[in-house]
Amino acid sequence: MTEDFSKDNLGSRAEEYLESIVCKNLEMCVEVLQQCENLIPLADELRIVSRCIDAIASKACAEQIASSFSRLEYSSSGRLHMNKQAKREGDWWIEDLSVLRIDLYQRVMTAMKCRGVRPESIGASLVNYAQKELTKKSSLWNPSSQTKVDLISTGHERLVVETIVNLLPVEKLAVPITFLFGLLRSAVMLDCTIACRLDLERRIGSQLDVATLDDLLIPSFRHAGDTLFDVDTVHRILVNFSQQDDSEDDMEDASVFESDSPHSPSQTALFKVAKLVDNYLAEIAPDANLKLSKFMVIAETLPTHARTVHDGLYRAIDIYLKAHQGLSDSDRKKLCKLIDFQKLSQEAGAHAAQNERLPLQAIVQVLYFEQIRLRNALCCSYADDDPKPMHNSWRISSGALSAAMSPRDNYASLRRENRELKLELARLRMRLNDLEKEHVCMKRDMQKSHSRKFMSSFSKKIGKLSIFGHSSSRGSSSPSKNSHRTDSRVIERTCASTD
């Protein structure tokens, strides 16, 4: 078949056909790879497989670049930008590659990643391939099938799951989180390697804030005495999320603490995950096989500042107490310590105050905080009459708020409180200066009023002596009348000045 026997022999003609026809067309490369599945050692030696794979990767990358250029357009300001609403035309090869065997598909995806194909396109291809290869679940859901067929099918599906996990892009949101949870369920059912499951748990933990409650409800596929849902896997996912959140906070610059922004994106994600965890706890709480230690370890995984309101946690604990009425008093107290009754809403606090399932100590705490809340509401309503109770209530509410914040936002809140306290002290100093001035003025007025009162009293006493009162002459009576009028005017002036 070589040129040693004759010119234009079959070897050279096949080489020319591969070079000029097959490698120029992506669909034909896929067909050749399908034909080479049963000829892998020989096809690899002849470099047919490698050349087809390189041609597919190059063709897909070139078409994707051309599609990206076609989506470029000028904005109204004259700047060049990418039109995100335009349909992508360079990913049509996704459907064609789904017919390849898993080992060849892995080699094609690896070549595409090396050539720089978009992570979103790689993720879309992996989702499409997994949906086609993992739809036949006879080994998982059909107990009546033969054992030999089950073992073969299980081994193939396990290989598919592990290979797809290894091919997942490192970028976040390259594949939907629902797809990651589906892979994790399949990995648990198929008993894939520990490294495969841990990789999936780490990826899910990095974007847990976009997950839903249905995603977290992973069924347990162990013995009959275990819980209905896989609580241990969810706990590891939460640990990965908490560690990832802490590492992001540590890498941020210290200047961030100087900002007065309300919440960072990581803090918003923390609030979403806290609400998701509370709903998850309420969903698994009725399980009779769920131990108290597992329930508490899920509730305690997130930091204390993740929950600004404890209504969801209180609801989950109440459901657990209702479903596990055989708990001892010490276990109930230990469980209720997870709740910060100061962070309950008014409706939840009213429910907790009448909840007979709670320990007596917890009910006392609820009533105490409800009394404080009522007192603060009354103080705020009379803030115009007496500013001091309003200041105390402000301090109490700010203390509760600072306990519910992260260290970064807590620092910004403390800086705002310090500024407000400085302004309050400045107002008090100005008020004190005004009071001192008023005191000096009042002192002067008092001294003047005392002297006038002394003169009026002295004139009254002299008038009572009636030295001239018994005179019967006309001229003698007139001075007494004039003096009496003068005294009355002095008294009126004195009273007016005193008022």
Side-chain angles (χ1 to χ4, degrees), residues 213 216-217 226-232 234-239 241-242 245 270-377 396-407 410:
L213 178 60
L216 282 181
L217 296 177
D226 202 359
T227 56
L228 295 175
F229 300 103
D230 195 344
V231 182
D232 296 332
V234 175
H235 175 245
R236 289 192 297 269
I237 292 174
L238 290 174
V239 170
F241 172 79
S242 300
D245 184 63
L270 197 60
F271 289 159
K272 291 181 180 179
V273 173
K275 185 177 180 180
L276 179 64
V277 170
D278 292 342
N279 293 332
Y280 178 76
L281 289 172
E283 192 71 24
I284 66 174
D287 190 355
N289 295 327
L290 181 61
K291 297 181 180 179
L292 179 63
S293 58
K294 288 190 175 183
F295 184 88
M296 291 185 64
V297 77
I298 295 292
E300 293 175 336
T301 304
L302 297 179
T304 55
H305 63 271
R307 297 181 177 91
T308 55
V309 180
H310 276 219
D311 288 4
L313 182 60
Y314 165 71
R315 172 174 169 267
I317 290 177
D318 185 40
I319 295 174
Y320 188 85
L321 291 175
K322 186 176 181 180
H324 301 79
Q325 299 182 1
L327 287 177
S328 61
D329 293 338
S330 60
D331 289 339
R332 288 193 299 152
K333 291 180 181 178
K334 188 188 303 181
L335 186 60
C336 290
K337 284 182 179 179
L338 299 175
I339 307 174
D340 188 353
F341 293 100
Q342 196 172 359
K343 296 182 182 178
L344 291 180
S345 64
Q346 187 174 359
E347 294 77 9
H351 184 276
Q354 301 177 357
N355 195 347
E356 297 179 353
R357 290 183 288 271
L358 296 180
L360 182 60
Q361 183 180 3
I363 296 177
V364 171
Q365 291 182 14
V366 173
L367 295 175
Y368 172 72
F369 290 123
E370 287 297 315
Q371 185 180 7
I372 291 179
R373 181 180 298 170
L374 181 61
R375 184 188 305 169
N376 293 337
I396 292 173
S397 63
S398 65
L401 183 62
S402 63
M405 285 185 176
S406 66
N410 199 356

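Throughout, residue positions are numbered sequentially from 1 according to the sequence presented. Bear in mind that the values here come from a model prediction, so they are computed numbers and not experimental data. Atom set for the values below is all heavy atoms of this structure, side chains included, hydrogens, waters and symmetry mates excluded.
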Identified side chain to side chain contact (heavy atoms under 4.5 Å, CB included) counterpart of M296 within the set K334, K337, K291:
K334

Does CD in Q361 sit with more than 12 non-hydrogen atoms of other residues, nucleotides or ligands closer than 6.0 Å?
no

When you check the gap from the basic side-chain N to the acidic O, do K275 and D278 get nearer than 4.0 Å?
no

Mind checking the NE2-CG spacing from H305 to L270? Nearest 0.5 Å is all I need.
5.0 Å

Please check: side-chain N/O of H310 versus main-chain N/O of I339, any donor-acceptor pairing under 3.5 Å?
no

So does L292 get a backbone contact from the side chain of Y320, meaning a donor-acceptor N/O pair under 3.5 Å?
yes

If only atom types and distance count, is the side chain of H235 paired as donor or acceptor with the main-chain N or O of D230 below 3.5 Å?
no

Main chain of A348, side chain of D311: is a donor-acceptor contact present, judged purely on distance under 3.5 Å?
no

Y368 vs I372, side-chain contact (heavy atoms from CB on, under 4.5 Å): CA-CA, chis, key distance, verdict:
CA-CA 6 Å; Y368 172 72; I372 291 179; 3.3 Å; yes

Within a 6.0 Å radius of atom CZ on R357, are there more than 12 heavy atoms belonging to other residues, nucleotides or ligands?
yes

Where do V366 and A353 come nearest, in terms of heavy atoms and distance?
CG1-N, 3.9 Å

Any idea which heavy atoms bring L321 and R332 closest together, and the distance?
CD2-CG, 3.7 Å

All heavy atoms of C336 vs all of P359, minimum pair found to be SG-CD, 3.4 Å

Distance (rounded to the nearest 0.5 Å) between L238 CG and R236 CZ
11.0 Å

If I compare all heavy atoms of I363 with all of A352, which pair ends up nearest, and what's the gap?
CG1-O, 4.1 Å

Where is the tightest heavy-atom contact between V277 and L302, given as atom of each residue plus distance?
CG2-CD1, 4.0 Å

List the atom of P286, the atom of A323, and the distance in Å for their closest heavy-atom pair.
CA-CB, 3.8 Å

Can you list the steps and then say if N289 with L228 is a side-chain contact (heavy atoms from CB on, under 4.5 Å)?
CA-CA 8 Å; N289 295 327; L228 295 175; over 6 Å; no

Measuring from L358:CG to D318:CG, what's the distance to the nearest 0.5 Å?
6.5 Å

How long is the gap from CG on D340 to CZ on F369, to the nearest 0.5 Å?
6.5 Å

Spatial distance of atom CG (L281) from atom CD (E283) [nearest 0.5 Å]:
10.5 Å

Of I319, N355, L338, V309, which meets side chain to side chain contact (heavy atoms under 4.5 Å, CB included) against Y314?
N355

Just how far is it from atom CD1 of I284 to atom NZ of K294, taken to the nearest 0.5 Å?
9.5 Å

Applying side-chain contact (heavy atoms from CB on, under 4.5 Å), run through L290 and F229 and close with a yes or a no.
CA-CA 9 Å; L290 181 61; F229 300 103; over 6 Å; no

Any side-chain heavy-atom pair of F295 and V231 under 4.5 Å
no

